[in-house]
Protein chains: 2
Amino acid sequence: MFQQAKQNRIFQDVINQIQEAILQGRLKAGDKLPAERELKEMFHTSRGTLREALRVLEQKGLITIKTGVRGGAFVKAVSTHQVSESLDLLIRYQKLSLEDLAEFREGVEGMVTSLAAGRAKKKDIEHLKYLLKQAKIHLDEGVSHWDDFISIDNALHMALAHITGNLMYQSVLQTVHDNINKYYDKFLTKEEEIMRENYRDLCGIVEAVEDGQAAKARRLAQDHVNRFNRFMQEKEQQHGKL
Amino acid sequence: MFQQAKQNRIFQDVINQIQEAILQGRLKAGDKLPAERELKEMFHTSRGTLREALRVLEQKGLITIKTGVRGGAFVKAVSTHQVSESLDLLIRYQKLSLEDLAEFREGVEGMVTSLAAGRAKKKDIEHLKYLLKQAKIHLDEGVSHWDDFISIDNALHMALAHITGNLMYQSVLQTVHDNINKYYDKFLTKEEEIMRENYRDLCGIVEAVEDGQAAKARRLAQDHVNRFNRFMQEKEQQHGKL
DNA sequence: ACTATTAGAATGGTTTAACTATTATAAAAA
DNA sequence: TTTTTATAATAGTTAAACCATTCTAATAGT
């Protein structure tokens with residue numbers, strides 16, 4: 001039920017105090033914390049203990065530390081980076097399979113696209129079509145522009161997440177993309193036919209979103225992601241276990 | 001493109017070496033690392049620097065540290081805990097609105113329940129029915145057992161996530177529950193009628209899962225969560241902005 | 001012989017004081 | 001005006017000691 005209160009650890013108390021200050025907005029992104037030698041006085045602790053606390057806060061993604069004059073600990077804008085990193089650890093430690101991540105992505109993209117279909121404004125549709133145009137350009141340039149094409153594909157999915165107006169979907173989708181893209185790179189063969197198929201998918205999705213057809217948009221998005229996933233899993237099996 | 005190579009930081013090198021040993025399986029869960037005073041010799045570094053590295057590894061969830069004789073740094077089984085923790089941090093930092101969180105939960109519960117409907121084994125169904133029985137008991141005990149009822153409700157949703165066999169859904173749903181329950185506590189009026197309605201929902205969901213009706217299960221789960229969310233948002237508006 | 005107490009040792013937690021490395025800025029030189 | 005150089009502020013590292021916690025084994029009491 002409860003976690004053991006290890007309050008004997010001074011550095012933990014320092015971590016808590018600084019973290020709370022950041023989460024409550026008393027310290028804002030970009031703010032500079034006092035120098036270590038000042039902080040140590042403020043917390044009535046030693047420099048070593050203080051530095052252990054700073055290391056943890058750095059690892060949590062709450063601060064960055066720069067050396068040199070005018071250096072020090074600076075408050076960071078918390079981003080999805082730490083979530084991605086811990087997810088990456090899970091995958092590398094083989095607690096989480098690529099299949100699970102892919103299945104999760106399929107579900108999330110489906111929901112996102114379906115919500116976007118109900119909320120897209122005229123300006124949003126324009127932006128989606130702009131991205132489609134970019135995708136077409138890279139498609140016409142052929143398989144050498146595969147990477148450009150893929151990044152437009154990702155941008156389009158993130159644009160859909162943005163249209164939902166729901167930050168949670170945006171963060172989660174960003175994290176999933178960060179992690180799964182590494183494997184796409186490893187397991188996806190770069191063929192022009194695949195680019196072509198995916199381009200057709202994207203056109204269909206944007207059309208359904210424009211027409212407000214939520215169910216259709218969801219289905220298309222899931223199929224789209226699913227095709228990617230199938231290609232990848234075939235390749236993965238050919239490679240054998242890693 | 002590339003991250004700056006801050007290899008001037010010795011503790012980072014220590015972190016990398018120990019982390020790699022864990023990820024490659026040279027160090028297994030439960031293994032005990034040498035004592036600080038030995039490790040410091042092995043890495044040709046000072047105890048302070050070594051301890052900064054251990055703090056980071058601890059924060060990453062790769063080791064735990066115990067004091068006293070026979071204490072030390074023990075390799076942990078990597079779990080979803082860190083993903084949840086960093087996601088939690090992101091949610092709190094972004095001050096994610098109740099509406100966004102609730103909408104996201106609705107989607108995720110829908111997907112989870114739908115997947116579970118396609119995968120539930122006989123034993124899983126038995127467990128779900130056991131939970132239903134518990135819920136019924138708390139329901140009959142009346143509104144004084146509201147908290148017990150809610151925790152069974154949560155357990156049932158997590159059980160469904162477990163049935164999917166997909167760790168990603170499990171950790172994400174756990175995080176969402178942890179965060180949204182704070183609001184439920186604050187904004188949900190504890191009425192017997194609400195308990196009764198929710199119990200009916202749960203029965204319907206389990207039935208649909210048992211019959212393998214994925215689409216129906218999804219709809220019921222979404223409606224179920226949606227009713228909770230509506231109740232809560234009405235209350236929130238009565239309270240005014242927080 | 002069994003149990004309760006106590007002392008010791010292994011281990012992480014903290015402190016202090018010094019030294020090293022990095023870097024922005026200001027002073028000096030070209 | 002530009003380039004170089006010196007300075008000072010800052011994080012990074014080291015070493016040695018001491019404190020706090022906890023397991024284990026020796027001891028004492030029954």
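Bear in mind the structure is a predicted one, so any value in this text is a computation, not a measurement. Values reported hereafter were calculated over all heavy atoms of this structure, with side chains retained and with hydrogens, waters and symmetry mates removed. Numbered from 1 within each chain, the chains take letters A, B, ... in sequence-line order.
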> Search all heavy atoms of Phe149(B) against all heavy atoms of Ala135(B) and return the closest pair with its distance.
CD1-O, 3.6 Å

> Just how far, in rounded Å, is P of dT14(C) from CZ of Arg51(A)?
15 Å

> Indicate whether OP1 or OP2 belonging to dT22(C) is found under 4.0 Å from a side-chain N or O atom of Thr67(A).
no

> Is there a side-chain polar atom (N or O) of Thr49(A) under 4.0 Å from OP1 or OP2 of dG13(C)?
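For Thr49(A), the contact criterion (side-chain N or O under 4.0 Å from OP1 or OP2 of dG13(C)) is not met.
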
> Taking NZ, NE, NH1 and NH2 as the nitrogens, is one of them in Arg119(A) or Glu103(B) under 4.0 Å from a carboxylate oxygen of the other?
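Yes, Arg119(A) and Glu103(B) are salt-bridged.
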
> Rounded to the Å, how far apart are Lys40(A) NZ and dG12(D) C1'?
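Rounded to whole Å, this separation is 15 Å.
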
> Can you identify which nucleotide, out of dG12(C), dT13(D), dT15(C), has its nearest atom closest to the Phe11(B) side chain?
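My answer, after comparing the listed nucleotides, is dT13(D).
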
> Within this structure, what is the CD-to-C1' distance between Glu41(B) and dA16(D), rounded to whole angstrom?
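One finds 13 Å between C1' of dA16(D) and CD of Glu41(B), rounded.
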
> Whole-Å distance between dT13(D) P and Leu54(B) CG?
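Leu54(B) atom CG is separated from dT13(D) atom P by 14 Å.
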
> Considering Watson-Crick and G-U wobble pairs with both distances under 3.5 Å, what does dT30(D) pair with?
dA1(C)

> Run the numbers on Val108(B) and Val176(B) for side-chain contact (heavy atoms from CB on, under 4.5 Å), then give the verdict.
CA-CA 9 Å; Val108(B) 172; Val176(B) 172; 5.8 Å; no

> Looking at Asp140(B) and Lys136(B), is any side-chain nitrogen of the basic one under 4.0 Å from a carboxylate oxygen of the acidic one?
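Looking at Asp140(B) together with Lys136(B), the answer is yes, because their closest N to O distance falls below 4.0 Å.
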
> Would you call Glu85(A) and Lys60(A) a salt bridge, taking side-chain N to carboxylate O under 4.0 Å as the test?
no

> Nearest-Å distance, CD1 (Ile63(A)) to C1' (dA11(D))?
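Nearest whole value for this atom pair: 12 Å.
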
> Would you tell me if any nitrogen or oxygen in the side chain of Arg55(B) comes within less than 4.0 Å of OP1 or OP2 on dG13(C)?
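Looking at the OP1 and OP2 atoms of dG13(C), one of them is under 4.0 Å from a side-chain N or O of Arg55(B).
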
> Keeping the roles fixed (side chain from Thr45(A), backbone from Glu41(A)), state whether a donor-acceptor pair exists under 3.5 Å.
no

> dA11(D) P sits how many Å from Glu52(B) CD, rounded?
12 Å

> Mind listing the residues from residues 29-39 of chain A sitting with a heavy atom below 4.0 Å of DNA chain D? Number order is fine.
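The stretch gives Ala35(A), Glu36(A), Arg37(A) as the residues lying under 4.0 Å from the strand, ordered by number.
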
> So which protein N/O to nucleotides 5-9 of chain D N/O distances come out below 3.5 Å?
residue	atom	partner	partner atom	Å
dA9(D)	N3	Val69(A)	N	3.4

> Quick one: pull up CG in Leu33(A) and CG in Leu50(A) and give me the separation to the nearest 0.5 Å.
9.0 Å

> If the threshold is 4.0 Å, N to carboxylate O, is there a salt bridge linking Arg55(A) and Glu58(A)?
yes

> Using 4.0 Å as the upper bound for N to carboxylate O, is an ion pair formed by Arg92(B) and Glu20(A)?
yes

> Just how far, in rounded Å, is P of dT15(C) from CZ of Arg9(A)?
14 Å

> Within the pair Thr45(B) and dT14(D), is there a side-chain N or O less than 4.0 Å away from OP1 or OP2?
yes

> What is the distance, rounded to the nearest whole Å, between atom CZ of Arg47(A) and atom C1' of dG13(C)?
18 Å

